[in-house]
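Letters A, B, ... are given to chains in the order of the sequence lines, protein chains preceding strands, and every chain is numbered from 1.
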Protein chains: 2
Amino acid sequence: MTTIKDIASRVGVSITAVSQVLNNKEVGIKKETKEKILETARELDYKPNYLARGLITKRTKTIGLIIPDITNPFFPQIVRAIEDTANKMGYNMILCNTDDNLDKEQLYLDILKEKCVDGIIFTSSTESTLKHEDLLSKIKSPLVLLDRGITGDIRIPKVYTHGYNGLLLGVNYLVEKDHKKIGFISGPETSVTAKERLKGYRSSVEENGLETKSEWIYYGDYKVETGEKAVKELLNRDPEITAIISANDLMAVGAMREIKNHGLRVPEDISVIGFDNIQISRFVDPALTTIAQPSYRMGELATELLINQIEDKEIPKKEHELEPKLIVRDSVTFRR
Amino acid sequence: MTTIKDIASRVGVSITAVSQVLNNKEVGIKKETKEKILETARELDYKPNYLARGLITKRTKTIGLIIPDITNPFFPQIVRAIEDTANKMGYNMILCNTDDNLDKEQLYLDILKEKCVDGIIFTSSTESTLKHEDLLSKIKSPLVLLDRGITGDIRIPKVYTHGYNGLLLGVNYLVEKDHKKIGFISGPETSVTAKERLKGYRSSVEENGLETKSEWIYYGDYKVETGEKAVKELLNRDPEITAIISANDLMAVGAMREIKNHGLRVPEDISVIGFDNIQISRFVDPALTTIAQPSYRMGELATELLINQIEDKEIPKKEHELEPKLIVRDSVTFRR
DNA sequence: TTGTAAGCGTTATCAA
DNA sequence: TTGATAACGCTTACAA
C-alpha cells in the first residue's frame with residue numbers, strides 16, 4: 001500500500017501538501033505541484049487508509065444495520081434500499097442478524113461501537129420494549145429506528161408503515177365485497193406493530209357496523225406454519241368466516257394452503273388478504289391481495305435520516321409514518 | 001469513550017500494562033494489578049477502538065461481501081450463512097450490491113480495500129470472465145469466489161455447486177417418469193455456471209438415449225418474466241414437449257404461470273423442474289420440484305475458507321464443488 | 001506557498 | 001514485573 005508519505009517523498013513535498021491536495025483542501029498550493037501530486041497518486045495507485053483517517057476525523061463512513069433476519073423475505077428490499085442509499089451518500093453498511101435475540105442485539109450494538117460506525121439503523125425485536133429503551137439509551141451514536149416501533153423515547157427518529165391505516169384499507173375492501181365475518185391472524189401480542197394492526201382491524205370492522213368477536217382473532221408469530229394453524233383453529237371456532245386478513249404475507253400464504261387442504265377454495269369460499277407485499281405474494285396461486293408496505297422507501301428514508309443526522313444536517317421531524325397501499329390481486333372475491 | 005489511557009491513569013499503571021492485560025498477553029503482571037485493571041475497565045465500560053488497533057495490527061476483523069443483488073431470493077440464505085459464520089469467528093461483514101455491473105464491482109473492490117477489510121467474498125457478474133481476471137489480479141487481500149465460477153486462475157479458492165450433476169439428477173428423474181421431450185430454459189450463454197448446467201442437461205439427455213434438439217433450449221436471464229417468454233417460445237417451437245427444466249427457480253415459476261395461461265396443467269400436461277430451491281419454490285402451486293443448492297453450506301464454507309486464509313491457516317484445496325440434491329415436490333408426474 | 005509537529009488510540013519493542 | 005517510547009497513516013493547527 002502506498003501512503004501519502006510515499007507520494008510526498010517522490011514528489012519532493014511535505015505530507016501536508018499531499019494530504020491537502022488529495023482532500024481538495026489546498027489553501028495555497030501551486031497548480032503545478034498540485035498536479036504533480038495528483039499524478040503521482042494515480043501512478044502509485046494511492047488509496048487513502050480509512051483507519052488512519054477515521055482515527056483523527058472520528059468518521060468511518062460506515063453505518064451499521066441491525067435486523068432480525070435477512071432470510072425473512074420482508075427484509076431484502078429494505079436492506080437493498082439502505083445499501084443503495086448509503087452508497088450513494090458515500091457510506092458502507094455492516095449487516096447484523098439478531099434473530100430477535102436481545103443478547104445478540106446487545107452484542108452487535110457493542111461491536112458496532114467498537115468498529116466506530118458513524119450511525120446505526122436498528123430494527124428491534126418484537127418483545128420487551130422496556131429493555132430496549134435501556135439498551136438504546138446507552139448508545140451515543142446517531143440512530144434510526146426502523147419498522148418495529150419502539151414506543152416511548154421520542155428523541156430517536158423512527159420510520160415505519162401506518163399499520164392502522166393498512167388494516168383499514170384491507171377491511172374496507174372486504175366489506176365492499178360484502179364480507180361480514182372477517183377473521184384476523186395477528187402478530188404476537190407483545191409486538192407494537194402487531195398491536196397497531198390489530199387495533200386497525202378492530203376499529204375498521206366496528207366502524208363498518210360489523211361484529212368483532214374475539215374468537216375471530218388468532219395470535220401468531222409471522223411464520224407460514226402459523227398461518228396454517230391459524231386457519232385450522234379459526235375455522236374450528238367459527239366455520240362461517242368468509243374472509244381472513246393476516247398481519248403478514250407469510251402467514252397469509254400458510255392460511256391459503258390450509259384453506260385448500262380443507263377442501264375449500266380461495267377466494268370463492270374464503271377470501272384472503274395479506275400484509276407486506278413480499279415477493280412471494282405475487283407467485284402464490286391465486287396471487288395474494290395484500291397491503292403493501294413501501295419497503296424500498298422505508299430503507300431509503302431511514303438511511304437519509306441517519307446520514308443527515310451524522311452530518312449534522314437538520315432533521316425536520318422524528319416520526320416518519322409511511323402510508324400503506326392495497327395491492328389488489330386474486331385472493332379476494334364477493335362473499336359466496 | 002474511555003481509552004486505555006484513562007484506565008492507566010485511574011489505576012496508576014502504564015498503558016502498556018493495560019493493553020497487555022486487556023489482550024491477555026501479560027508476560028509478567030501481578031495478579032493484583034491485573035484484576036484492578038480489569039475491574040476499572042468494566043467500571044468505565046471500556047471498549048477497544050478497532051481503528052487504532054487495526055492501524056497497527058493490520059487487521060480489522062471485518063470482511064467484505066460482494067454480490068449482485070440481495071433482492072434476488074437466491075442470496076439471503078447465503079448472506080445469512082456468511083454473516084453467521086463470520087460472527088462466530090469474530091468478524092463482521094460489509095455488504096455490497098453490484099447489480100452485475102463491472103464498474104460497481106471495481107468501485108466496491110477499491111472501497112473495501114480502503115476500509116482495510118481483511119478479506120473479500122466475491123460473487124462475480126455473469127459476464128466477461130476476462131475482465132475479471134484483470135480486476136482480481138490486482139487484489140492483494142484474501143479472496144474467495146462464490147457461486148459464479150470464474151474459470152482460469154486457480155490460485156483463488158472457489159465455492160460452488162456442481163451444476164452438471166444437478167442437471168443429471170433432474171433429467172434422470174424426468175426420464176424415470178417416462179418423459180422423452182425435455183425442454184431446457186438455460187441461463188445466459190456467457191455465464192460459466194449456465195454453461196455448466198446446459199452441458200449437464202445435454203449430456204444426461206444423450207446418455208439416456210434421448211434426442212436433444214437445439215430448438216428445445218431457450219436462453220434466458222434468470223428472471224420470472226423470462227420463464228414465461230421461454231414457455232411461449234418453446235411450446236411454439238414444439239408443442240410436444242412434456243417436461244421443462246429451468247436453470248433457476250425464478251424462471252421455473254414463470255414457466256409454470258405461462259403453462260397455466262396456455263390452458264395446460266402442471267404437472268399433468270407439462271412437468272417442471274427448477275434449480276436453486278429458493279423459498280418461493282415451496283409456496284407456488286403446485287409446489288416446485290427442484291434441484292437444491294446447499295446455499296447455507298456454501299456461505300458457511302466460503303467464510304471458513306476466507307477466514308482461514310486470513311489467519312494463515314492451511315487451506316487443503318482450492319476448488320470446493322458441493323453436491324446438489326433433488327427436492328421432490330409436486331410439479332412432476334408421469335408423462336401423459 | 002509550503003513545511004513542522006502534534007495527536008488520534010492502539011500495539012510492540014526494548015530497557016529498567 | 002513494569003514503563004517509556006516508537007510506530008501505524010492520516011489530518012490539522014500553526015509556523016516559516
Practice task
Whole angstrom is fine here: how far is it from OH in B/Tyr46 over to C1' in C/dT10?
Solution key: 7 Å
Problem - For atom NZ of B/Lys30 and atom P of D/dG3, their distance in whole Å - result: 10 Å
Exercise for the section: Have a look at B/Lys31 and say if it touches a base, only the backbone sugar-phosphate, or nothing, with a 4.0 Å heavy-atom cut-off. Expected result: nothing
Practice task
Please check the phosphate of D/dC10 (OP1 and OP2 only) for any side-chain N or O of A/Lys5 closer than 4.0 Å.
Solution key: no
Problem - Side-chain heavy-atom pair A/Asn92, A/Ile63 within 4.5 angstrom cut-off - result: no
Exercise for the section: In whole angstrom, give the distance that lies between atom NZ of A/Lys58 and atom P of D/dT12. Expected result: 12 Å
Exercise for the section: Specify the residue among B/Gly12 and A/Ala52 whose closest nucleotide of DNA chain D lies further upstream toward the 5′ end. Expected result: B/Gly12
Exercise for the section: Mind checking A/Ile15 for me? I need base, sugar-phosphate or nothing, with any heavy atom below 4.0 Å counting as a touch. Expected result: base
Handout entry: Selection from C/dG9, C/dA12, C/dT2 that lies nearest to any side-chain heavy atom of B/Asn49
Key = C/dG9
Completion exercise
One should read off an interatomic distance between B/Lys140 NZ and A/Met1 CE, to the nearest 0.5 angstrom, of 10.0 Å
Exercise for the section: Quickly work out the B/Tyr50 OH to C/dT11 P distance and round it to whole Å. Expected result: 10 Å
Handout entry: Any B/Lys25 side-chain N or O less than 4.0 Å from OP1/OP2 of C/dA12
Key = yes
Problem - Nearest-0.5 Å distance that lies between atom CZ in A/Arg80 and atom CG in A/Asp84 - result: 4.0 Å
Exercise for the section: Please tell me which of B/Leu51 and A/Ala17 maps to the more 5' nucleotide of DNA chain C, matching each residue to the nucleotide holding its nearest heavy atom. Expected result: A/Ala17
Exercise for the section: Any chance you could measure B/Met298, atom CE, to B/Ile121, atom CD1, to the nearest 0.5 Å? Expected result: 11.0 Å
Completion exercise
One should read off an interatomic distance between B/Gln293 CD and B/Phe74 CZ, to the nearest 0.5 angstrom, of 4.0 Å
Exercise for the section: Mind calculating the distance between CD (A/Gln20) and C1' (D/dC14) to the nearest angstrom? Expected result: 12 Å
Practice task
Identify whether any heavy atom of A/Thr3 sits under 4.0 Å from a base atom; if not, whether one sits that close to sugar-phosphate; answer base, sugar-phosphate or nothing.
Solution key: sugar-phosphate
Practice task
Send over the distance from B/Ile7 CD1 to C/dT10 P, rounded to a whole Å.
Solution key: 8 Å
Completion exercise
B/Lys113 atom NZ is separated from D/dG9 atom P, nearest whole Å, by 14 Å
Problem - Presence of donor-acceptor pair under 3.5 Å, side chain of B/Ser19 and base of C/dA12 - result: no
Handout entry: Rounded distance (Å) that lies between atom P of C/dC8 and atom CG of A/Leu55
Key = 9 Å
